[in-house]
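Reminder, nothing fancy here: chain letters follow the sequence lines and each chain counts from 1.
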Protein chains: 2
Amino acid sequence: MTGLIRVLLAEDQGMVRGALASLLGLEPDIEVVGEAGDGEEAVAVAVRERPDIALLDIEMPVMDGIAAAAGIRARVPGCQVMILTTFGRPGYLRAAMEAGAVAFLVKDSPARELAAAVRRVRAGERVIDPGLAAAALSAGPNPLSPRERDVLVAAADGASIGDIAGRLHLSEGTVRNYLSSAIQKTHARNRIEAVRRAQAHGWLPGRLPGRPDGGVT
Amino acid sequence: MTGLIRVLLAEDQGMVRGALASLLGLEPDIEVVGEAGDGEEAVAVAVRERPDIALLDIEMPVMDGIAAAAGIRARVPGCQVMILTTFGRPGYLRAAMEAGAVAFLVKDSPARELAAAVRRVRAGERVIDPGLAAAALSAGPNPLSPRERDVLVAAADGASIGDIAGRLHLSEGTVRNYLSSAIQKTHARNRIEAVRRAQAHGWLPGRLPGRPDGGVT
DNA sequence: TGCCGCCTCTGACAAATGTCACCGCCGATC
DNA sequence: GATCGGCGGTGACATTTGTCAGAGGCGGCA
């Protein structure tokens, strides 16, 4: 039976999730059998519903879409994972492929491509933007060590060396050294540029903070 | 005649735009009469189609949704402007109201609220999240001077004092002074925190760069 | 076994950053 | 006419940041 294609949709913004569901719902051969607002929920629903396809956003709270992809691949072997994300970052694409995804779409593309991609995946194809694939290959793998990443993400929200050292239980000198090597590996000229370049490449984890920074006092 | 509600939809991400259109298309009393991918296009289409309601994203390239709102209010008096944005920032809400918008929705909300909000606006109501309104009032108006904003946005992508001075045709000392006062007004401890806090409040222009930073070399 | 990369740390140094006090010029407002 | 805020600038100063050259320890791999 090549009946309805059963799709799970994971996306943290409720309005976008609902809108995408209605978009897919227009297709006669596609059925949205589950929705999730974060990665953990996505895995849980996938285990329960056993969809043909899981369509995952990357930037989600609690657990990002890449980790959810790996979780679903491990627990629901029959389910193909597609990534649908705002940012076409080379590092995201690479990480998605390594996590077992077979498609990588960006939200910039025209809406009609979504259903088409779902059908192509169902037919066994991979769906990846050729330009993005080239960028991912030419950019090479993530050069940052885990610790360098930690320090960069901490630096990203304005923490000083001392703050970062405290947060990561490191000495200040160590933090300086990691920051310095991260700056060099990203070919940046200071930590801000390093953070931005690492983000542009998709070298930093794609998780979303639970809630804004609350600083609105 | 209280016929179909004619809606213009402006949103830069094609897939989201199409999905929202399909969501609104499900409603029997709503018709999407135009779509736009940036603020300039939104104004042009509004002038041509004279919709009842313009539904605008804020973070768009070329011209942001706030500026587009003002343009539409000035040129198409019969058209009500609704803002639909990812970020519920107090400063955005305030700026949107000053630009003549009558509704402010965040994409986090459930999808079903969209059509409901459109109908309420059509009936003459304003639609604003009460919590967000309170935050906007308690946060007070934007304390940053235009020049302080300029310097902060330049600092946001990693430029050094010298870079900023060159870009803005100022002396380095002047840039330091603006940066310092921006840091104090935002109660931050360095420029990165200042940028982040200003962004969180919605005190920086909500435009999107034409394309990423190209640094993927 | 040796080599390599990563982790952690120290100490010293130059350069960039942030602060402060102060200057004059303009335009708006009381 | 005076006052105030914004704009643009200078010079001096303390602090922070970024760099470099080391050091030892760990685990993997040839």
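Note: Arg197(B) CZ to Asp157(A) CG = 11.5 Å, rounded to the nearest 0.5 Å.
dT19(D) atom P lies 10 Å from atom CG of Asn177(A), rounded to whole Å. Residue Asp150(A) contributes atom CG, which lies 9 Å from atom P of dC7(C) at whole-angstrom precision. Between the CG atom of Leu168(B) and the P atom of dG8(D) there is a distance of 9 Å, rounded to whole Å. The NE2 atom of His187(A) sits 13 Å away from the P atom of dT19(D) (whole-angstrom rounding). For the pair Glu172(B) CD and dG11(D) P, the computed distance is 13 Å after rounding to whole Å. For the pair Ile164(A) CD1 and dT16(D) P, the computed distance is 14 Å after rounding to whole Å. Summarising the geometry, the separation between CG on Asp163(A) and P on dT16(D) is reported as 11 Å, rounded to the nearest angstrom. Between the CZ atom of Arg189(A) and the P atom of dA14(C) there is a distance of 21 Å, rounded to whole Å.
Among the heavy atoms of the strands lying under 4.0 Å from Thr174(B) is at least one base atom, whether or not backbone atoms are also near. Contact annotation for Asn190(A): backbone-only contact, meaning every heavy-atom pair under 4.0 Å involves sugar-phosphate atoms and none involves a base.
Distances from the side chain of Arg176(A) to the nucleotides dC7(C), dA12(C), dG18(C) place dA12(C) closest. Distances from the side chain of Ser180(A) to the nucleotides dC7(C), dT19(D), dC9(C) place dT19(D) closest. The side chain of Leu179(B) approaches dG18(C) more closely than any other nucleotide in the set dT17(D), dG18(C), dC7(C).
Leu170(A) pairs with exactly one of Ile161(A), Val175(A), Ile164(A) by the side chain to side chain contact (heavy atoms under 4.5 Å, CB included) rule, that one being Val175(A).
In this model, the phosphate group of dT10(D) is approached by a side-chain N or O of Ser171(B) to a distance below 4.0 Å at OP1 or OP2. Taking only side-chain nitrogens and oxygens, Gln184(B) never comes nearer than 4.0 Å to OP1 or OP2 of dG18(C). The phosphate of dG18(C) has neither OP1 nor OP2 within less than 4.0 Å of any side-chain N or O from Tyr178(B).
Within 6.0 Å of atom CZ in Arg167(B), more than 12 heavy atoms from other residues, nucleotides or ligands are found, so the atom counts as buried in its surroundings.
Listed for the Gln13(B) side chain is no donor-acceptor partner under 3.5 Å among the backbone atoms of Met15(B).
Taking for each of Arg147(B) and Arg191(A) the nucleotide of DNA chain D with the nearest heavy atom, the 5'-most of the two is the partner of Arg147(B).
Salt bridge present: Arg189(B) and Asp163(A) bring a charged side-chain N and a carboxylate O closer than 4.0 Å.
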